[in-house]
Protein chains: 2
Amino acid sequence: MSHQRWDYAALMRERGFRVTPQRQLILDAICEGGGHTTPEEVYERVRAKSPAVNRATIYRTLDFLCELRLVVAADVGNRRMVYEIAGDTPHHHLVCRTCGKVEQISHETVKALFAKIEREQEFTVDMDHLALFGLCPKCRRAELRGKR
Amino acid sequence: MSHQRWDYAALMRERGFRVTPQRQLILDAICEGGGHTTPEEVYERVRAKSPAVNRATIYRTLDFLCELRLVVAADVGNRRMVYEIAGDTPHHHLVCRTCGKVEQISHETVKALFAKIEREQEFTVDMDHLALFGLCPKCRRAELRGKR
DNA sequence: CTACATGCAAAGAGTTTGCATCCGC
DNA sequence: GCGGATGCAAACTCTTTGCATGTAG
């Protein structure tokens, strides 16, 4: 999925922000991540193309892109933040803690839980990205085999 | 719920570890948290009673207590770890992204989602601590008021 | 008495901020 | 040219580590 730079550029300008080379490089870097990208990965990828770009710019731009809702941030635990291009449909991730494979869950599936929490505790969960850890089918079978 | 210091002390000694005043103070401090306590809160509470205790000891002891499984650690997002006495029924956390307040959700509530994921995608979610972000009732009302 | 635990200080990682400079519009 | 964006360096938070000292068993 391309991030369609032209649209993003127009969107930024419309809202009175500037389209800078750094911002484009950082968007590219997040795209290259496919799924999720850490700030450090963004930094490395950007630096490969343009070594002068500063870490502070990475962080400021990631925040900026999140505020524009072009990018979403997800806290995947272990004190790690990951960023990804905001997609059309909100989705969540299943992360296999053995092989690291990432699957998706639809927002529909998760919404039932959020609704239940809202109903029972009045707490409004508004996460646009949820990361759930566990075992993918393959690793689960491997684990069962190992335990016998 | 008390942490029953005598049992813990016996357990530590059985396994060849020492029962020190610091360890007892730190256990007390986690207990005082009721649900969940950050390292900083532990530090403050311990320091109120025994000002010489060092931050490094807090971190080392929290790790130690986790390894003994007397305490469980939960990554509550926002790069914040919280600790609590082990042994309660497994539960999860709701974190208010405005005021930072942390509430609990029962494992029962969450299990339905995990079961659904298992059924639909064969993926076994096995998280013992899930952190969901959103707005607590109070901040939600404040936000609604602000938007009018 | 001995090994484990602690205090201290310093180093780390990861992130944020103040300020001068730069450059997109 | 103006004001937002960037680079730089420094600060900041949270956590970890090496080493000498202290103390539980």
Side-chain angles (χ1 to χ4, degrees), chain A residues 5-6 8-29 36-47 49-68 70-71 73-83, chain B residues 5-6 8-30 36-47 49-68 70-71 73-83 100:
Chain A
R5 171 184 308 165
W6 40 93
Y8 286 51
L11 189 71
M12 287 184 201
R13 272 189 280 258
E14 270 169 32
R15 304 197 196 173
F17 300 108
R18 295 182 187 169
V19 180
T20 65
Q22 289 89 334
R23 286 177 175 174
Q24 296 187 27
L25 284 168
I26 289 166
L27 268 174
D28 285 342
H36 306 111
T37 315
T38 63
E40 191 58 25
E41 285 164 352
V42 172
Y43 179 61
E44 290 304 335
R45 282 187 203 128
V46 168
R47 221 156 64 110
K49 294 178 186 167
S50 179
V53 176
N54 195 268
R55 268 204 180 78
T57 303
I58 304 293
Y59 286 108
R60 280 191 285 230
T61 303
L62 287 172
D63 282 351
F64 165 78
L65 294 172
C66 284
E67 264 163 41
L68 283 193
L70 298 183
V71 163
D75 190 323
V76 295
N78 257 339
R79 295 178 226 103
R80 296 201 331 155
M81 293 300 290
V82 296
Y83 295 83
Chain B
R5 171 183 309 165
W6 41 95
Y8 287 52
L11 190 69
M12 286 184 203
R13 272 189 279 257
E14 270 168 33
R15 305 197 196 173
F17 300 107
R18 295 183 186 167
V19 180
T20 64
Q22 289 91 334
R23 286 177 175 174
Q24 296 187 28
L25 284 167
I26 289 167
L27 267 173
D28 285 343
I30 300 169
H36 20 254
T37 314
T38 63
E40 191 58 26
E41 285 164 351
V42 171
Y43 179 62
E44 290 304 334
R45 283 188 201 126
V46 167
R47 220 156 66 110
K49 294 179 186 166
S50 180
V53 176
N54 195 269
R55 267 203 180 79
T57 302
I58 304 293
Y59 286 107
R60 281 190 286 230
T61 302
L62 288 172
D63 281 352
F64 165 78
L65 294 171
C66 284
E67 265 163 40
L68 283 193
L70 298 181
V71 162
D75 190 324
V76 107
N78 260 339
R79 296 174 229 108
R80 295 199 324 159
M81 294 300 289
V82 296
Y83 296 83

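Residue numbering restarts at 1 for every chain, and letters A, B, ... go by the order of the sequence lines.
Distance from the side chain of A:Arg13 is smallest to C:dC25 among C:dC25, D:dA24, D:dT16. In the set C:dG7, D:dG25, D:dT6, D:dG25 carries the atom at the smallest distance from any side-chain atom of B:Val19. The side chain of B:Thr57 lies closest to C:dG7 when the candidates are D:dA24, D:dA5, C:dG7. Nearest nucleotide to the side chain of B:Asp63, out of C:dC8, D:dT16, C:dG24: D:dT16. Of the listed nucleotides (C:dG7, D:dA5, D:dC8), C:dG7 has the atom at the smallest distance from the side chain of B:Val53. Closest to the side chain of B:Arg18, out of C:dG24, C:dT16, C:dT2, is C:dT2. Residue B:Thr20 has its side chain nearest to C:dA5 when only C:dA5, D:dT6, C:dT17 are considered. Side-chain atoms of A:Tyr59 lie closest to C:dT15 of the nucleotides C:dT15, C:dG7, C:dT17.
The CD atom of A:Glu14 sits 17 Å away from the C1' atom of C:dG24 (whole-angstrom rounding). Atom CE of B:Met81 is separated from atom C1' of D:dT16 by 14 Å (rounded to the nearest Å). If you take CZ of B:Arg47 and P of C:dG7, they are 12 Å apart, rounded to a whole angstrom. Following rounding to the nearest Å, A:Leu62 (CG) and D:dT6 (C1') show an atom-to-atom distance of 15 Å. For A:Phe64 and D:dT6, the CZ to P distance is 8 Å, given to the nearest whole Å. Residue A:Leu25 contributes atom CG, which lies 16 Å from atom P of D:dA5 at whole-angstrom precision. Distance, A:Tyr43 OH to C:dT15 C1': 13 Å, rounded to whole Å. In this structure, the CZ atom of A:Arg23 is 10 Å from the C1' atom of D:dT6, given to the nearest Å.
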Between A:Tyr8 and A:Leu27, does a side-chain contact (heavy atoms from CB on, under 4.5 Å) hold up when you go through it step by step? CA-CA 9 Å; A:Tyr8 286 51; A:Leu27 268 174; 3.5 Å; yes
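B:Arg23 places a side-chain N or O within donor-acceptor distance of the main-chain N or O of B:Arg18, the cut-off being under 3.5 Å.
Looking at heavy atoms from C-beta onward, A:Tyr59 lies out of side-chain contact with A:Met81 at the 4.5 angstrom threshold. Side-chain contact between A:Val46 and A:Gln22 is absent, with no heavy atoms from C-beta onward closer than 4.5 Å.
Residue B:Ala52 is in sugar-phosphate contact alone, with no base atom involved, counting any heavy-atom pair closer than 4.0 Å across all strands shown.
From A:Glu44, atom CD reaches atom CD1 of A:Ile58 across 9.5 Å, with rounding to the nearest 0.5 Å.
Residue side chain A:Arg55 does not reach the base of D:dG7 through any donor-acceptor N/O pair under 3.5 Å, judged by distance alone. For A:Arg80 against C:dG14, no side-chain N or O and base N or O form a donor-acceptor pair under 3.5 Å.
Comparing B:Phe17 and B:Asn54 by the nucleotide of DNA chain D whose heavy atom lies nearest to each, the residue mapping closer to the 5' end is B:Asn54. The 5' end of DNA chain C is approached more closely, in terms of each residue's nearest nucleotide, by B:Gly16 than by the other of B:Arg60 and B:Gly16.
Of the side-chain N and O atoms in B:Gln22, none sit less than 4.0 angstrom from OP1 or OP2 of D:dT23.
The environment of CZ in B:Arg45 is crowded: more than 12 heavy-atom neighbours from other residues, nucleotides or ligands sit within 6.0 Å.
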